[in-house]
Peer 1: 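Right, I'll just put the structure down here and ask away after.
First the proteins, then the strands, lettered A, B, ... as listed; each starts at 1. Note that the structure is a prediction, hence the values are computed from the model and not measured.
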Amino acid sequence: MAYHPKSDFLRVMTERGFLADCTDYQGLDEALIAGVVPAYIGYDATAKSLHVGHLMNIMVLRWFQKTGGKPITLMGGGTTKVGDPSFRSDERPLLDEAAIESNIEGMKQVFAKLITYGDGPTDALMLNNAEWLDGLNYLEFLRDIGRHFSVNRMLSFESVKSRLDREQSLSFLEFNYMILQAYDFLELNRRYGCLLQMGGSDQWGNIVNGIDLTRRVLENEIYGLTTPLLTTSDGRKMGKSQGGAVWLNGDMLSPYEFWQFWRNTTDADTGKFLKLFTELPVEECDRLGALEGSEINAAKVILANEVTALLHGADAAAAAEATAREVFEKGGAGDDLPTLELSTDELGDGISIVQLFVRSGLAGSGKEAKRLIAEGGARLNDTELSDAGLFITPDQLAEPLKLSAGKKRHALVKLA
RNA sequence: GGUCGCGUAGCUCAAUGGGAGAGCGCCGGAUUGUAUAUCCGGGUGUUGCGGGUUCGAGUCCCGUCGCGACCGCCA
């Protein structure tokens with residue numbers, strides 16, 4: 001890019017690798033210099049926690065706030081009520097109002113840790129598009145907004161085209177989704193003076209729609225900026241760990257397991273992730289990412305510590321690291337391992353080892369636990385298990401037991 | 001509302017009324033550095049659900065749910 005940004009925000013975005021595309025790089029740069037710019041990112045309320053895939057965008061908002069912008073986190077309370085039909089697994093009930101509310105509450109926990117909300121000029125706003133979508137009048141909406149959308153053009157969008165090409169049904173509901181999102185941007189501009197929408201590069205089309213709509217209806221010039229779709233260097237989608245999503249809420253994924261996810265980053269991604277997910281100086285990130293061989297493990301520990309500290313606090317990060325050292329370097333057990341606590345009542349006369357693996361989350365089913373034992377991947381206090389029928393009696397639990405599935409996954413079992 | 005088609009592993013899909021399978025993913029082991037790559041091992045399943053026919057049903061029949069296509073109603 002020939003143009004050199006003058007604003008701190010765009011400079012950071014460019015330096016750290018956040019920038020995929022921008023509708024008007026220079027125009028946005030000048031707007032950012034001229035004053036406090038409100039910018040938003042939208043989030044669907046389909047799950048009760050955000051996952052790692054969302055983290056990059058939240059980091060963008062964090063940088064945006066640090067460099068003098070006003071972030072807006074827009075919860076899709078209204079659009080989720082309609083339901084995003086693109087994930088059409090058979091018996092997924094449409095989310096009701098209560099479920100959406102509780103999902104939004106769950107997500108707020110994460111935002112509050114990374115972004116400062118309040119009433120000050122650069123304090124962030126938490127909004128919900130139900131605020132303007134719930135009360136929409138259908139005829140008015142069609143007349144004022146619908147007339148600006150060309151169906152011919154909408155049909156040319158890749159998201160729509162691929163569905164039609166495969167002769168899959170596309171409901172009118174889903175067809176309207178992009179219009180509602182464009183309308184969000186318009187309302188945010190009208191109500192809050194929002195000048196910028198950011199999002200993953202898959203949102204480019206939707207963002208541009210919002211910009212066009214706002215130009216036509218309000219004659220305001222606003223901007224869009226997208227971040228690259230994050231994949232690991234071997235081309236796989238990022239964000240899975242041990243078969244589950246990497247949630248950002250501590251009650252859905254413990255800080256220790258979150259820490260492990262980052263600790264296990266591929267060599268080639270370490271430098272990139274340091275720049276995207278930590279706030280260490282760029283030069284430091286480059287230096288750490290360039291380490292080779294076993295030395296780069298130190299960089300991965302720093303990465304894990306920094307990201308975990310941002311999200312769960314420095315204490316949680318330190319505890320996770322201490323446990324990791326204890327478990328992997330000394331072969332012991334740390335306090336921070338996932339722990340299954342059993343009451344004397346639950347335990348009764350004892351419990352089978354298979355049940356313990358299932359209850360502790362190391363195996364998804366009894367069958368899986370038995371297979372694990374048969375393959376020699378299951379260990380009790382670091383001794384390989386051979387007998388799937390092993391029964392643990394209460395007095396064996398006087399001291400906490402350490403269960404292991406494979407080399408990396410461990411859990412403690414103790415009496416409550 | 002009617003007619004037809006589809007529903008099998010996490011995903012994409014196979015399987016004359018006769019042994020539930022493949023690729024990818026996933027899990028374990030070796031090698032290693034708690035990473036990649038490589039090698040070895042593991043099929044991970046309520047065949048949407050409920051009945052029936054049959055010695056035997058993923059397969060045939062009835063019902064039901066979900067998805068889709070076409071037709072009708074409306075325009």
Peer 1: A:Lys300 and side chain to side chain donor-acceptor pair (under 3.5 Å): which partner among A:Thr265, A:Asp267, A:Asn305?
Peer 2: A:Asp267
Peer 1: Kindly state whether the ring of A:Tyr40 and the ring of A:Phe185 have centres lying under 6.0 angstrom apart.
Peer 2: yes
Peer 1: What interatomic distance, in whole Å, is found between C1' of B:rG72 and the corresponding atom of B:rG66?
Peer 2: 23 Å
Peer 1: Would you kindly give the NZ-to-P distance between A:Lys300 and B:rU32, to the nearest whole Å?
Peer 2: 17 Å
Peer 1: Quick check: any donor-acceptor pair below 3.5 Å linking the side-chain of A:Glu329 to the base of B:rU34?
Peer 2: no
Peer 1: If the P atom of B:rU46 is compared with that of B:rG25, how far apart are they to the nearest Å?
Peer 2: 23 Å
Peer 1: Figure out the CZ/P separation between A:Arg371 and B:rG42, and round it to whole Å.
Peer 2: 11 Å
Peer 1: Please report, rounded to the nearest Å, how far the P atom of B:rG33 is from the CG atom of A:Asn264.
Peer 2: 15 Å
Peer 1: Counting the benzene-type ring for Trp, do A:Phe111 and A:His54 have ring centres under 6.0 Å apart?
Peer 2: no
Peer 1: A:Lys370 NZ to B:rG28 P: how many Å, rounded?
Peer 2: 19 Å
Peer 1: Quote, to the nearest angstrom, the P distance that separates B:rA69 from B:rC55.
Peer 2: 42 Å
Peer 1: Touch check for A:Ala324, heavy atoms < 4.0 angstrom, all strands: base, sugar-phosphate only, or nothing?
Peer 2: base
Peer 1: Could you tell me whether A:Arg263 and A:Glu321 have a side-chain N and a carboxylate O separated by less than 4.0 Å?
Peer 2: no
Peer 1: Would you call A:Arg143 and A:Glu140 a salt bridge, taking side-chain N to carboxylate O under 4.0 Å as the test?
Peer 2: no
Peer 1: For RNA chain B, just give me the dot-bracket, please: Watson-Crick or G-U, both distances below 3.5 Å, ( ) intra-strand, [ ] crossing earlier pairs, | paired with another strand, . unpaired.
Peer 2: (((((((..((((....[..)))).(((((.......))))).....(((((..]....))))))))))))....
Peer 1: Send over the distance from A:Glu292 CD to B:rA35 C1', rounded to a whole Å.
Peer 2: 14 Å
Peer 1: Pick the nucleotide of RNA chain B nearest each of A:Gly377 and A:Arg325; which residue has the one closer to the 5' end?
Peer 2: A:Gly377
Peer 1: Given atom CH2 of A:Trp259 and atom P of B:rU34, what is their separation to the nearest angstrom?
Peer 2: 11 Å
Peer 1: Can the ring centroids of A:Tyr183 and A:Phe141 be said to lie less than 6.0 angstrom from one another?
Peer 2: yes
Peer 1: Please measure how far the C1' atom in B:rA20 lies from the corresponding atom in B:rA9, and state the result in whole Å.
Peer 2: 10 Å
Peer 1: For the C1' atoms, the ones on B:rG33 and on B:rA22, what distance do you get once it is rounded to whole angstrom?
Peer 2: 35 Å
Peer 1: Can you tell me how far C1' in B:rC27 sits from the matching atom in B:rG45, rounded to whole Å?
Peer 2: 16 Å
Peer 1: Taking the side chain of A:Asn297 as heavy atoms from C-beta outward, which of B:rU44, B:rU34, B:rG33 is closest to it?
Peer 2: B:rG33
Peer 1: Does A:Lys407 make a side-chain N or O approach to OP1 or OP2 of B:rU32 shorter than 4.0 Å?
Peer 2: no
Peer 1: Measuring to OP1 and OP2 of B:rC27, would you say a side-chain N or O of A:Arg409 lies under 4.0 angstrom away?
Peer 2: no
Peer 1: Tell me: CG of A:Leu274 to P of B:rA35, nearest whole Å?
Peer 2: 18 Å
Peer 1: Can you check the distance between B:rU38 and B:rU44, where both ends of the measurement are the C1' atom (answer in whole Å)?
Peer 2: 24 Å
Peer 1: Could you check whether A:Gly293 gets within reach of a base, just the sugar-phosphate, or nothing at all, counting any heavy atom under 4.0 Å?
Peer 2: base
Peer 1: Is there a side-chain polar atom (N or O) of A:Lys408 under 4.0 Å from OP1 or OP2 of B:rA35?
Peer 2: yes
Peer 1: Write down the distance separating the C1' atoms in B:rU34 and B:rG28, rounded off to the nearest Å.
Peer 2: 16 Å
Peer 1: Going from CE on A:Met75 to CE on A:Met126, what distance comes out if it is rounded to the nearest 0.5 angstrom?
Peer 2: 5.5 Å
Peer 1: Between B:rG33, B:rG29, B:rU34, which nucleotide gets closest to the side-chain atoms of A:Ser294?
Peer 2: B:rG33
Peer 1: Among B:rU34, B:rG33, B:rG29, which nucleotide has an atom closest to any side-chain atom of A:Arg379?
Peer 2: B:rG29
Peer 1: Angle between ring planes, A:Phe277 versus A:Phe273, binned at 30° and 60°: parallel, tilted or perpendicular?
Peer 2: perpendicular
Peer 1: Expressed in angstrom and rounded to an integer, what is the separation of A:Leu288 atom CG from B:rG33 atom C1'?
Peer 2: 16 Å
Peer 1: If we ignore hydrogens and angles and just use 3.5 Å, is the side chain of A:Asn249 paired with the main-chain N or O of A:Gly106 as donor and acceptor?
Peer 2: yes
Peer 1: Taking atom types as they are modelled, would you say the side chain of A:Glu375 forms a donor-acceptor pair with the base of B:rG41 within the 3.5 Å cutoff?
Peer 2: yes
